[in-house]
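Note sheet for the following structure.
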Amino acid sequence: MSDDGPEYDVDFREHPEKYEIGRGEAGVFKVEPYKSELLPLWSYADAAAARESATAIYERYERYRDDDEFPGMDMAQKYLRMGYTRAMRYAKYPGGTKYDESGDEREPRRWADRDKRAAALVFRTYWTRVRDDDAYQRAKAAHRER
């Protein structure tokens, strides 16, 4: 997936064959209809918000899995991963700011925000569950073969 290519004008539910598995969290704010379905569920303010969010996103993942909808499965995995990585950034860096004013990376603190660390761990549990799910792995391999 390129950053702003015409593929983002595609409804990936209608055309899953056009979905390309991107690296990391690529596409989370662009790939529709999944962005509209998953982004409103995503929150990492604290462990309680993360638990509610991760549970809701995981339920969507299960629905996508049951419907044999790999792009949705992959996007749910990415939102769970992003919950972990974003919350962990806030856990390690006060205010979530990784770089100082000059653009140099700040030294991470252990733990700058314990609530965000707790939120990150919630997301990591769900993200790992999806990442290690045999159905996800099979669907990913099948999608790559197409």
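In this text, all values refer to a predicted model and were calculated from it rather than measured experimentally. Position 1 is the first residue of the sequence, and the numbers go up from there.
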- How about Y64 and Y61: are their ring centroids closer than 6.0 Å?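 That pair fails the under 6.0 Å test.
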- Task: Could you check R63, R13, M75 and say which one makes a side chain to side chain contact (heavy atoms under 4.5 Å, CB included) with E37?
- Result: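 Testing E37 for a side chain to side chain contact (heavy atoms under 4.5 Å, CB included) against R63, R13, M75 leaves exactly one candidate, R13.
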- Task: Please say which of R89, M82, M88, K116 ends up in a side chain to side chain contact (heavy atoms under 4.5 Å, CB included) with Y44.
- Result: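 Looking at R89, M82, M88, K116, the match for Y44 under the side chain to side chain contact (heavy atoms under 4.5 Å, CB included) is K116.
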Is there a donor-acceptor contact under 3.5 Å from the side chain of [X] to the main chain of [Y]?
{"X": "H143", "Y": "E20", "answer": "no"}
{"X": "K98", "Y": "R106", "answer": "no"}
{"X": "W42", "Y": "Y79", "answer": "yes"}

State plainly whether one hydrophobic cluster holds both [X] and [Y], where clusters connect Ile, Leu, Val, Met, Phe, Trp and Tyr through side-chain heavy atoms under 4.5 angstrom apart.
{"X": "L121", "Y": "F123", "answer": "no"}
{"X": "V28", "Y": "Y84", "answer": "yes"}
{"X": "Y99", "Y": "Y90", "answer": "no"}

Give the minimum heavy-atom separation between [X] and [Y], together with the two atoms involved.
{"X": "E32", "Y": "S36", "value": "OE1-OG, 2.8 Å"}
{"X": "D104", "Y": "S102", "value": "OD2-OG, 3.1 Å"}
{"X": "A139", "Y": "M73", "value": "CB-CE, 4.0 Å"}
{"X": "S53", "Y": "S43", "value": "OG-N, 3.0 Å"}

- Atom pair CZ/CZ of R131 and R124 - distance to nearest 0.5 Å: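 CZ of R124 is found 9.5 Å from CZ of R131.
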- How many angstroms lie between CG in D132 and CD in Q137, if you round to the nearest 0.5 Å?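 Rounded to the nearest 0.5 Å, the CG-CD separation comes to 7.0 Å.
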- Crowding at CG, D67 (>12 non-hydrogen neighbours, <6.0 Å):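 For D67, atom CG is crowded (more than 12 foreign heavy atoms under 6.0 Å).
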- Message: Y126 vs T55, test: side-chain contact (heavy atoms from CB on, under 4.5 Å). Steps then yes/no.
- Response: CA-CA 8 Å; Y126 283 90; T55 300; 3.1 Å; yes
Under a 3.5 Å threshold, yes or no: a donor from one side chain and an acceptor from the other, between [X] and [Y]?
{"X": "E17", "Y": "H15", "result": "yes"}
{"X": "E69", "Y": "Y34", "result": "yes"}
{"X": "D74", "Y": "Y136", "result": "yes"}

- Task: Mind running side-chain contact (heavy atoms from CB on, under 4.5 Å) on I21 and F70 for me, showing each step along the way?
- Result: CA-CA 10 Å; I21 301 169; F70 177 73; 3.7 Å; yes
- Within 45° of the axis and under 6.0 Å from the centre of the six-membered ring of W127, does NZ or CZ of R129 qualify?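 No, a cation-pi geometry is absent between R129 and W127.
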- Task: Please name all residues satisfying salt bridge (charged side-chain N to carboxylate O under 4.0 Å, His left out) with R65, sequence neighbours left out, ordered by chain then number.
- Result: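 Once residues adjacent in sequence are excluded, the partners of R65 under the salt bridge (charged side-chain N to carboxylate O under 4.0 Å, His left out) criterion are E62, D133.
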- Just wondering, do R81 and E25 contact through their side chains at under 4.5 Å, heavy atoms?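 In contact.
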- Message: Are the side chains of D11 and P33 in contact, using a 4.5 Å heavy-atom criterion?
- Response: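 Counting from C-beta outward, P33 and D11 do come under 4.5 Å.
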